[in-house]
Amino acid sequence: MAIPITVLDCDLLLYGRGHRILDRCRLDDVTDEYLVSTYGFPRSFIDYLVELLGSSLSRPTQRSRAISPETQIMAALGFYTSGSFQTRMGDTIGISQASMSRCVTNVTEALVERVSQFIHFPREEGSIQRLKDGFYSLAGVPGVLGIVDCMHVTIKAPNAEDMSYVNQRGLHSLNCLFACDTQGVLLWAETHKPGSIQDNTLLSQSELCCLFETELHKEGWLIDHAFLLRPWLMTPVQIPGSSSEYRYNMAHSATHTVMERTQRALRLRFRCLDGSKATLQYSPEKASQIILACCILHNIALQHGLDIWTDSGGPGLEQEEECVHMEPVDSEAYRMRQEIILTHFS
């Protein structure tokens with residue numbers, strides 16, 4: 001039995017005169033199960049996005065025509081979550097490929113305009129303390145403000161500076177820098193760096209590095225297993241020589257698992273990021289915005305109790321393997337890490 005969905009009049013869309021909003025998609029005529037299976041999210045979530053983004057998506061266009069915010073949002077969500085080419089998702093909704101492309105662009109830009117509303121490190125003392133308490137309760141590592149790591153997302157070969165986007169696996173990608181809390185909420189997302197940039201270089205050049213070196217280092221530190229040890233970035237002991245160091249490493253690994261699950265959740269929910277069906281067929285600049293839009297939607301989903309964490313792995317681009325070197329000794333960072341080990345893991 002066919003499920004009723006509004007089919008857009010493409011002739012009107014492409015050739016009509018006068019500013020018109022096409023008929024609202026009849027969300028009330030379909031089940032949540034259908035919406036989740038086709039667009040990745042239930043009705044309540046789509047309604048929230050309509051309220052959040054409606055003013056941006058209803059703006060008059062230079063072509064003096066517009067698609068309803070509901071349809072634009074459903075089109076974009078379908079693309080983000082299915083990873084299918086726009087033509088296939090456009091056929092599902094009943095709009096042309098050109099209209100589908102505009103929907104994805106409009107929704108992506110509207111979300112990115114609101115990035116600071118949904119992705120940010122807290123500055124208030126109470127919020128910072130809650131971060132520390134959450135991480136300490138998780139595995140016993142004190143002073144942690146977030147977990148940081150990188151994730152590659154494959155893209156089509158750009159027209160210019162082609163080799164700068166080729167990663168160690170020979171694929172074109174963007175190297176994205178993320179930080180998250182104990183619930184997998186993203187506190188930081190930089191999505192625009194070429195795939196050839198190594199993780200440590202990316203971190204050193206990032207605004208996140210600047211933020212911690214100038215401000216948040218006074219409050220605590222991040223953790224990761226592959227970056228270099230810094231006063232605001234605690235890493236595992238490369239060659240543990242005592243039971244205390246082993247216990248610290250185990251707690252560090254247990255904490256870092258949250259980031260691994262968060263990245264897996266991003267790829268599972270937003271199939272356009274996992275590379276299993278196709279790479280993002282956009283310029284690096286637009287691909288970066290799409291990745292960022294998915295990060296924003298990830299946080300909004302968690303706010304709405306839509307958790308997709310799972311222990312099963314999904315397909316997609318594996319992380320780049322950083323060459324393991326003996327870490328340079330930052331005497332202050334080393335002292336801080338040893339103090340953590342002796343105080344909390346002895």
Side-chain angles (χ1 to χ4, degrees), residues 115-116 118-123 127-128 130-132 134-136 138-139 141-153 167 173-193 195 197-238 248-249 251-267 273 288 291-292 294-296 298-299 302 309 318-322 324-325 327-328 330 333 336-337 340:
V115 62
S116 62
F118 296 102
I119 302 179
H120 58 271
F121 260 99
R123 298 295 199 276
S127 298
I128 289 174
R130 281 191 291 275
L131 277 178
K132 294 180 183 179
F135 278 110
Y136 190 77
L138 181 65
V141 183
V144 179
L145 299 181
I147 312 163
V148 62
D149 207 348
C150 294
M151 184 179 89
H152 284 258
V153 176
N167 60 36
S173 69
L174 291 170
N175 194 0
C176 306
L177 181 69
F178 297 138
C180 73
D181 67 9
T182 58
Q183 304 304 310
V185 175
L186 292 171
L187 305 172
W188 196 269
E190 292 186 39
T191 62
H192 61 284
K193 293 294 186 179
I197 295 182
Q198 297 300 307
D199 291 357
N200 274 297
T201 302
L202 191 161
L203 179 64
S204 297
Q205 295 176 352
S206 70
E207 295 181 20
L208 180 63
C209 177
C210 181
L211 175 65
F212 268 83
E213 288 188 343
T214 60
E215 183 178 345
L216 286 182
H217 69 280
K218 302 173 184 177
E219 305 292 345
W221 40 75
L222 301 170
I223 69 165
D224 183 62
H225 62 274
F227 292 118
L228 298 177
L229 179 67
R230 303 169 187 245
W232 49 268
L233 178 57
M234 294 293 106
T235 62
V237 178
Q238 287 189 352
Y248 165 78
N249 277 6
H252 190 288
S253 177
T255 305
H256 191 272
T257 299
V258 176
M259 173 59 80
E260 296 166 9
R261 295 175 68 189
T262 298
Q263 292 189 6
R264 189 177 302 128
L266 280 167
R267 287 193 171 114
L273 305 183
S288 171
I291 299 167
L292 189 56
C294 290
C295 292
I296 295 166
H298 167 82
N299 278 5
L302 291 181
W309 281 16
E318 297 178 358
Q319 289 305 101
E320 292 289 283
E321 294 184 1
E322 290 282 331
V324 177
H325 302 289
E327 57 189 12
D330 182 309
M336 292 171 64
R337 187 174 66 183
I340 292 171

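A quick note: this is a predicted structure, and the numbers were derived from the prediction, not measured. Basis for what follows: all heavy atoms, side chains included, without hydrogens, waters or symmetry-related copies. One is the number of the first residue; the rest follow in order along the sequence.
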Determine, step by step, whether Val148 and Leu177 satisfy the side chain to side chain contact (heavy atoms under 4.5 Å, CB included) criterion, reporting the C-alpha distance in whole Å, the side-chain angles of both residues, the deciding distance to 0.1 Å, and the verdict. CA-CA 7 Å; Val148 62; Leu177 181 69; 3.6 Å; yes

Report the C-alpha separation of Leu203 and Leu233 in whole Å, then their side-chain angles, then the decisive distance to 0.1 Å, and conclude whether the side chain to side chain contact (heavy atoms under 4.5 Å, CB included) test is met. CA-CA 11 Å; Leu203 179 64; Leu233 178 57; 3.6 Å; yes

Run the numbers on Val153 and Thr191 for side chain to side chain contact (heavy atoms under 4.5 Å, CB included), then give the verdict. CA-CA 9 Å; Val153 176; Thr191 62; over 6 Å; no

What do the steps show when you test Asn200 against Gln198 for side chain to side chain contact (heavy atoms under 4.5 Å, CB included), and what is the final call? CA-CA 6 Å; Asn200 274 297; Gln198 297 300 307; 5.6 Å; no

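A donor-acceptor distance shorter than 3.5 angstrom exists from the side chain of His298 to the backbone of Gly184, with no hydrogens or angles considered. Although no hydrogens or angles enter the test, the distance criterion places a donor-acceptor pair under 3.5 Å between the side chain of His252 and the main chain of Met234. Of the possible polar contacts, none joining the Trp232 side chain to the Ala333 backbone as a donor-acceptor pair under 3.5 Å is found. With Thr182 contributing its side chain and Phe135 its backbone, the two residues share no donor-acceptor pair below 3.5 Å.
Rounded to the nearest 0.5 Å, atoms NZ (Lys193) and SG (Cys150) are 11.5 Å apart. Within the model, atoms CG of Asp181 and CZ of Phe121 stand 9.0 Å from one another, a figure rounded to the nearest 0.5 Å. Here Leu202 contributes atom CG and Phe227 contributes atom CZ; the two are 7.0 Å apart, rounded to the nearest 0.5 Å. Rounding to the nearest 0.5 Å places CD1 of Ile147 at 10.5 Å from CD of Gln263. Here CD of Gln205 is found 5.0 Å from CD1 of Ile197. Values are rounded to the nearest 0.5 Å. Atoms CD and CG, from Gln238 and Asn249 in turn, are 10.0 Å apart once rounded to the nearest 0.5 Å.
By the side chain to side chain donor-acceptor pair (under 3.5 Å) test, Glu215 is found to be paired with Arg123, residues two or more places apart in sequence or in another chain being considered. Scored by the side chain to side chain donor-acceptor pair (under 3.5 Å) test, Ser206 finds no partners at all (sequence neighbours excluded). For the side chain to side chain donor-acceptor pair (under 3.5 Å) test, residues two or more places apart in sequence or in another chain that qualify with Glu190 are Trp188. With sequence neighbours excluded, no residue forms a side chain to side chain contact (heavy atoms under 4.5 Å, CB included) with Ser116. For His225, the side chain to side chain donor-acceptor pair (under 3.5 Å) partners at least two apart in sequence or on another chain are His256. Evaluation of the side chain to side chain contact (heavy atoms under 4.5 Å, CB included) rule for Ser253 yields no partner, not counting sequence neighbours.
For Gly220 against Leu145, the heavy-atom pair with the smallest separation is N-CD1, 3.8 Å. In terms of heavy-atom proximity, Leu273 sits nearest to Ile291 at CD2-CG1, 3.8 Å. Considering every non-hydrogen atom in both Arg337 and Leu229, the closest pair reads CZ-CD2, 3.9 Å. Shown here for Cys180 and Val258, the closest heavy-atom pair between the two residues is SG-CG1, 4.1 Å. Between Phe178 and Met259, the shortest heavy-atom distance links the atoms O-CE, 3.5 Å. Of all heavy-atom pairs spanning Ile296 and Phe118, the tightest one is CG2-CD1, 3.8 Å.
No side-chain heavy atom of Asn167 sits under 4.5 Å from any side-chain heavy atom of Asn175. Counting heavy atoms from C-beta on, the side chains of Trp221 and Met336 come closer than 4.5 Å. In this structure the side chain of Asp149 never reaches within 4.5 angstrom of the side chain of Thr262, judged on heavy atoms. Using a 4.5 Å cut-off on side-chain heavy atoms (C-beta onward), Asp199 and Asp224 make no contact.
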